[in-house]
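In the text below, chain A, chain B and the rest are named by the order of the sequence lines, each starting its count at 1.
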2 protein chains.
Amino acid sequence: MSKVGSSAMSASEAIAQRRSESLASIVLREMERMILSGELKAGERISEQNLALRLGVSRGPVREAASALERSGLLTSVANRGVFVRHVSTEELLELYDMRALLTGFACARLAERATAEQKAALRAMVEGLEAAHAAGDGAAYYQGNLDFHEALMTFAGHDKAARIYETLLKEAHLSRRGVLAAAPMMQESNTEHADIVAAIAAGDGPRAREAGERHVLNGKRRLLAKVGGGD
Amino acid sequence: MSKVGSSAMSASEAIAQRRSESLASIVLREMERMILSGELKAGERISEQNLALRLGVSRGPVREAASALERSGLLTSVANRGVFVRHVSTEELLELYDMRALLTGFACARLAERATAEQKAALRAMVEGLEAAHAAGDGAAYYQGNLDFHEALMTFAGHDKAARIYETLLKEAHLSRRGVLAAAPMMQESNTEHADIVAAIAAGDGPRAREAGERHVLNGKRRLLAKVGGGD
DNA sequence: CCACTGAAAACTGTCAACAGTTTCACGGTA
DNA sequence: TACCGTGAAACTGTTGACAGTTTTCAGTGG
């Protein structure tokens with residue numbers, strides 16, 4: 001319960017070496033990491049007292065961090081009982097896919113009209129990398145590469161608000177460890193869609209790029225749904 | 001500086017009469033209200049000490065509330081200097097319009113397929129109310145009715161995530177008092193678009209509803225841009 | 001063996017105080 | 001008059017402590 005694992009070590013170091021960053025923001029990052037890595041499981045209670053002790057800070061910064069994380073949907077708090085890692089229901093996960101689809105489509109349409117040659121090349125390279133990962137049957141590499149590809153789409157689009165919202169949505173989706181499973185099995189199908197997206201962007205065809213981007217994420221939702229079924 | 005104005009009174013009462021709501025959440029609401037009402041202007045510094053004093057609480061809950069509001073984009077904090085009401089640039093406001101357009105289009109498409117007869121009737125009634133406000137030249141009524149109509153679109157769509165994001169975006173947009181001005185002048189044009197949206201929804205035409213919803217908000221963006229020009 | 005009671009332990013919500021930084025006013029100097 | 005140190009006042013970041021609530025658990029009775 002009170003183990004000062006190596007996982008918390010980096011945060012402790014950060015606290016020791018801090019210069020101008022507030023403890024609250026360090027605790028925030030650490031809590032977020034713990035939640036997203038699955039170190040803290042969904043529905044699990046977080047004792048601010050224990051956490052403060054483990055991180056070597058007082059409860060004030062921990063409460064501030066928790067307050068912020070609650071706002072961004074990673075925690076829920078119950079009066080006099082503390083904060084809990086939020087449980088993302090299947091319905092909510094599906095809604096997250098809807099929103100990601102919308103944003104991805106938007107970004108793709110934008111890229112079709114403003115992507116630089118370098119950006120197009122980078123996207124093409126990423127798709128080839130994913131192809132290689134698929135050929136090698138390397139699920140982990142595909143998973144990471146897929147995340148990178150989607151992040152690149154949002155970043156290259158040069159729309160701060162869209163990228164920021166997407167980031168938040170992705171973190172929330174990661175709360176449900178189910179989302180992770182959906183990507184690996186259908187590598188071939190998924191990467192074909194990636195290629196479609198890049199092709200539409202390269203062709204400068206906004207509507208087609210938007211449709212391809214949106215469809216791709218919605219297909220991911222469908223693939224997830226097929227896997228989950230009425231399972232839970 | 002230290003006036004305990006009538007504006008803070010309701011919050012003070014809430015604090016006095018509280019039963020199970022945390023002080024932090026009350027302070028959060030009050031700060032949000034102050035910011036959105038324009039009582040605190042963009043770029044203005046918020047002294048947590050003064051605020052705590054005015055609300056009759058200690059600095060702890062104020063800091064928690066500020067931490068949460070920073071996360072949702074209403075405040076920015078600077079180390080050792082405190083928190084400031086965020087300044088929303090024109091570029092950022094335009095991006096907010098993009099996102100609202102996306103979400104509105106999404107909601108409209110959804111409504112075309114799942115709106116109940118009551119919901120359709122309610123939307124129609126709202127458009128008629130707006131028409132009346134326009135005829136009467138009542139800008140304030142039109143402004144509020146317009147907000148209500150858009151909120152209804154998001155609520156009726158039955159998509160929690162979309163509604164929640166929309167709400168956040170709207171609050172951020174309200175930070176820039178420029179957005180407010182855009183609605184009033186073009187009542188006729190704006191409400192014609194509202195009618196188009198409702199017609200498409202009533203007809204069960206998803207794509208057309210989506211297009212109409214998206215276009216409507218983007219036209220709002222265009223109207224805003226025309227007004228602002230290169231002004232600032 | 002199980003359900004119940006009640007007191008102790010643990011924890012959250014809140015506050016007041018301390019240390020370090022920033023801001024501001026004041027007085028001296030060119 | 002304008003400029004620049006300098007010290008006091010004000011404020012933020014953080015902590016430890018107190019009050020009230022929840023949880024735990026040993027002991028009791030059925």
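Atoms CD (B:E70) and P (D:dG13) sit 10 Å apart, rounded to a whole Å. The nearest whole Å value for the distance from the CG atom in B:L75 to the C1' atom in D:dT12 is 15 Å. Rounded to whole Å, the distance from CD on A:E48 to C1' on D:dT22 is 14 Å. For B:Q49 and D:dA9, the CD to P distance is 15 Å, given to the nearest whole Å. Summarising the geometry, the separation between CG on A:L28 and P on D:dG13 is reported as 14 Å, rounded to the nearest angstrom. The CG atom of A:L55 sits 13 Å away from the P atom of D:dT14 (whole-angstrom rounding).
Using a 4.0 Å cut-off between charged side-chain N and carboxylate O, A:K161 and B:E91 make no salt bridge. A salt bridge between B:R110 and A:E95 is absent, with no side-chain N of the basic residue lying under 4.0 Å from a carboxylate O of the acidic one.
The aromatic rings of A:Y166 and A:H150 sit parallel to each other, their planes meeting at less than 30°, with 60° as the upper class boundary.
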Problem - A:E167 and A:R164: CA distance, side-chain angles, deciding distance, salt bridge (charged side-chain N to carboxylate O under 4.0 Å, His left out) verdict - result: CA-CA 5 Å; A:E167 190 188 348; A:R164 212 173 288 257; over 6 Å; no

Exercise for the section: Could you please spell out the steps behind the salt bridge (charged side-chain N to carboxylate O under 4.0 Å, His left out) verdict for B:E70 and B:R86? Expected result: CA-CA 9 Å; B:E70 183 186 2; B:R86 202 157 73 82; over 6 Å; no

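Residues satisfying the side-chain hydrogen bond (donor to acceptor under 3.5 Å, both in side chains) criterion with A:N219, sequence neighbours excluded, are A:E193, A:R222. Considering only residues two or more places apart in sequence or on other chains, A:F149 meets the ring-ring contact (aromatic ring centres under 6.0 Å, His included) condition with A:H194.
Side-chain N/O atoms of B:R63 include none lying less than 4.0 angstrom from OP1 or OP2 on D:dT12.
Nearest to the side-chain atoms of A:N50 among the listed nucleotides C:dT14, C:dC11, D:dT15 stands C:dC11. With C:dT12, D:dT14, D:dC11 as the candidates, the nucleotide lying closest to the side chain of B:R45 is D:dC11. With C:dC15, C:dT12, D:dG13 as the candidates, the nucleotide lying closest to the side chain of B:V57 is C:dC15.
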Using nucleotides 18-21 of chain D, report all nitrogen or oxygen pairs with the protein that are shorter than 3.5 Å.
none

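Looking at heavy-atom distances under 4.0 Å, B:I46 makes contact with sugar-phosphate atoms alone, never a base. B:G60 comes within 4.0 angstrom of nothing in the nucleic acid, heavy atoms only.
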